[in-house]
Enquirer: 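What follows is a single structure, and I will ask about it in a moment.
Because the structure is a prediction, the values reported are computed rather than measured. Heavy-atom basis, side chains included; hydrogens, waters and symmetry copies ignored.
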Amino acid sequence: MSTTEHPAPSRLRSWMLEGLSDMGKGQGVTGPHATPEPPHRGQAWYRVMCLTGVDYFSTLGYQPGIAALAAGLLSPVATVVLVVVTLAGALPVYRRVAEESPHGEGSIAMLERLLTFWKGKLFVLTLLGFAATDFLITITLSAADASTHLVENPHLTEALHGQRMLITLLLVALLGAVFLKGFLEAIGVAVALVATYLALNAVVVAAGFWHVVTAGHVVTDWSHALTAEHGNVFAMVGVSLLVFPKLALGLSGFETGVAVMPHVKGDPGDTEEHPAGRIRDTKKLLTTAALIMSVFLIVTSFLTTVLIPEKEFESGGQANGRALAYLAHEYLGNTFGTVYDVSTIAILWFAGASAMAGLLNLMPRYLPRYGMAPHWARAVRPMVLVFTLIAFLVTWVFDADVDAQGGAYATGVLVLMSSAAIAVTIAARRAGQRGWTVTFGVVSAVLLYVTVVNVIERPDGVKIGACFIAGIIAVSLLSRLARAFELRVTDVTLDPLAERFVRDAASRKLRFIANEPDRRDRAEYRDKIEQIREDNDLPAHEDFVFAEVTVTDPSEFEGRLVVRGEVLHGRYRVLTLESSSIPNALAALLLHVRDTTGCTPHIYFEWTEGSPFANFLRFFLFGQGEVAPVTREVLREAEPDRVRRPRVHTG
């Protein structure tokens, strides 16, 4: 097919549209235009776990404080409930997602396969909206918590007092600047950050337990207060279940764990079709990360509850958004506390980097394939600018407040986890696994309950998610409209009989008749030829080849075109095509025929009856409608040279 000549782009434009090639180096996450990593290469699962861990483990920076605010004295009990849901619910779900989607597509791809046509696309766009909420709030929340650790550091409190918003915006801008330069996600950096951060947290936990042991009254005081407030164990568990949705941030990280699957080395015998070793090691990754995080969540929620005064967790308090940092400074001194702050700031910032990389890989995975993203959305740098500006807006809306963003973050996390649970439930049911179907069904019900309660109690999350969904759908539909006349066939293949038809017709004049197949009897083709000859005043001896397109899924945007030839009723040569759009398929066929034969083909249509606007909507939504003028417009955009452009005749 022909290519359109364009003037040489400016240096700035070339730099902006350079794509993702600089992100595909090493063992980092690759983007849609990066060179795919060869099969069987990757890293050991425990190293890849650290890449997940910068997102998952970094929640220790703010989760204990959020749990204390939500549950008060019940924070340790509510955290145990969270751990039970993590190990008995989220972990089995995502272990199954790893089996069903071993190439990093995640639960969205599993659900995409269940739905077709526009309802499937709109459903995926909705999930992408919540995924965008999850990742973008990860960026802004992590930056806000990092700035909180910086501002509350005793050495910097006076100098940076009241500058949390500015510092958060600067951290987000720095993240965007790194990606504009060309971000190389090094698993080695993640390993160093996670190892250092977990080691420092272990020291803080040890110091906290030493203080609890040496001052035993704190546990007694806590237990007496807890009993006085809630009475018995059953009441405690009941209240913990009620406040559990507010602790949902502790469930984050599983979607990232599945997304990094392609970087798990697996076994030498793995293939892309059956990566058994990669699946097994990813399950180890998910399980180990969940166990480590569960232990830290329980012990840190206990220590922060019994050792930190309740008022310090509130807004303006020294433990607000930095409970473990408070303990580090309180019991290990400001020098160690500063080292802990630096480690926390680094891992929180890197968690934002992982989220940005996730966005840059998630959106291009779906939107361009749907025709719902402009061409520049395939490059890293323009999308970095878009996401950075959105992160600025979110930071400003939430006033860089960690607690205020918790609802939006939890909503994104819970919607994705609920969709994953539903996806694996359907997969288990289709596989005839009754036990797993019931188990995953129960997990789905629990996660849906938590999601609904979280939305009711903190509607800001679903509001932000709805804004992202509305924005994505609006931009997607506008992009699809703008690209409606684009030649979107990636490849054209003719079977031997179709090639013979084209080769034989090229010895004379290539004349095609666009025909909408109906009964396909002898009279249909005879009458069509007579009509075309009469409408276009063609002599009787002219030879024709029919071209018939069957619309498959009109919501698909691009794909291959396979052309098959057949002879009907002993005399009529017919080319049959299957495509998501009749005009685009016919235009692609004409250009392919022109390029392979060197002859300019002619195609003949009859005008479509009805309103032009209604027919255009039929084309936009269902791939048919005003076929003749749209085919000509697709050809005009694909081939600017009128001399070389295939001829379109309408009568």
Side-chain angles (χ1 to χ4, degrees), residues 54-55 58-66 68-69 132-180 249 252 311-326 329 337-338 340-356 359 384-412 458-461 463-465 467-468 471:
V54 294
D55 178 18
S58 68
T59 57
L60 287 172
Y62 46 81
Q63 175 71 13
I66 290 176
L69 279 175
T133 304
D134 182 4
F135 285 122
L136 276 166
I137 299 296
T138 297
I139 294 172
T140 57
L141 186 146
S142 297
D145 195 46
S147 65
T148 299
H149 281 77
L150 195 61
V151 170
E152 296 296 332
N153 185 278
H155 299 298
L156 301 172
T157 299
E158 292 185 7
L160 300 179
H161 180 70
Q163 302 299 318
R164 185 175 60 183
M165 171 69 79
L166 178 60
I167 295 172
T168 302
L169 292 175
L170 287 175
L171 288 174
V172 173
L174 178 61
L175 180 68
V178 170
F179 275 84
L180 286 175
L249 290 181
S252 66
K311 64 179 181 179
E312 298 295 346
F313 291 111
E314 299 174 358
S315 180
Q318 296 182 31
N320 181 256
R322 56 188 304 275
L324 292 179
Y326 177 94
H329 284 277
T338 299
Y340 183 87
D341 284 339
V342 171
S343 173
T344 303
I345 291 168
I347 197 169
L348 285 168
W349 181 83
F350 208 75
S354 295
M356 179 70 84
L359 279 170
V384 168
L385 291 177
V386 171
F387 293 139
T388 302
L389 291 174
I390 296 175
F392 282 166
L393 177 62
V394 172
T395 299
W396 176 75
V397 168
F398 286 105
D399 195 29
D401 190 328
V402 174
D403 298 329
Q405 296 179 73
Y409 186 29
T411 299
R458 295 186 285 183
D460 53 336
K463 290 177 182 177
I464 293 294
C467 290
F468 282 120

Enquirer: Please report the interatomic distance CG(L166) to CG(L171), rounded to the nearest 0.5 Å.
Expert: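 It comes to 9.5 Å.
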
Enquirer: Taking the side chain as every heavy atom from C-beta outward, state whether T140 and T168 have any pair of such atoms under 4.5 Å apart.
Expert: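 The answer is no; the side chains never approach within 4.5 Å.
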
Enquirer: Rounded to the nearest 0.5 Å, what's the gap from CG on L169 to CG on L174? Could you check?
Expert: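 Spacing of CG (L169) from CG (L174) equals 12.5 Å.
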
Enquirer: Using 0.5 Å steps for rounding, measure from the CG atom of L348 to the OG atom of S343.
Expert: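 If I round to the nearest 0.5 Å, the distance is 9.0 Å.
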
Enquirer: Quick one: pull up CD1 in I347 and CZ in F350 and give me the separation to the nearest 0.5 Å.
Expert: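 I347 atom CD1 to F350 atom CZ measures 9.5 Å (nearest 0.5 Å).
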
Enquirer: Any chance you could measure W349, atom CH2, to I139, atom CD1, to the nearest 0.5 Å?
Expert: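 These two atoms lie 11.0 Å from each other.
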
Enquirer: Taking the side chain as every heavy atom from C-beta outward, state whether L324 and Y340 have any atom pair closer than 4.5 Å.
Expert: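 Result yes, sub-4.5 Å side-chain heavy-atom pair found.
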
Enquirer: Closest approach of G176 and T388, non-hydrogen atoms and distance?
Expert: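 Closest approach of G176 to T388, heavy atoms only: CA-OG1, 3.6 Å.
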
Enquirer: Do you know the tightest heavy-atom contact between A144 and S147?
Expert: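 That would be O-OG, 2.6 Å.
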
Enquirer: What's the shortest heavy-atom distance between W396 and M165, and which atoms?
Expert: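 Heavy atoms of W396 and M165 come nearest at CA-CE, 3.9 Å.
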
Enquirer: Closest approach of H329 and T338, non-hydrogen atoms and distance?
Expert: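 The pair with the smallest heavy-atom distance is CE1-N, 3.6 Å.
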
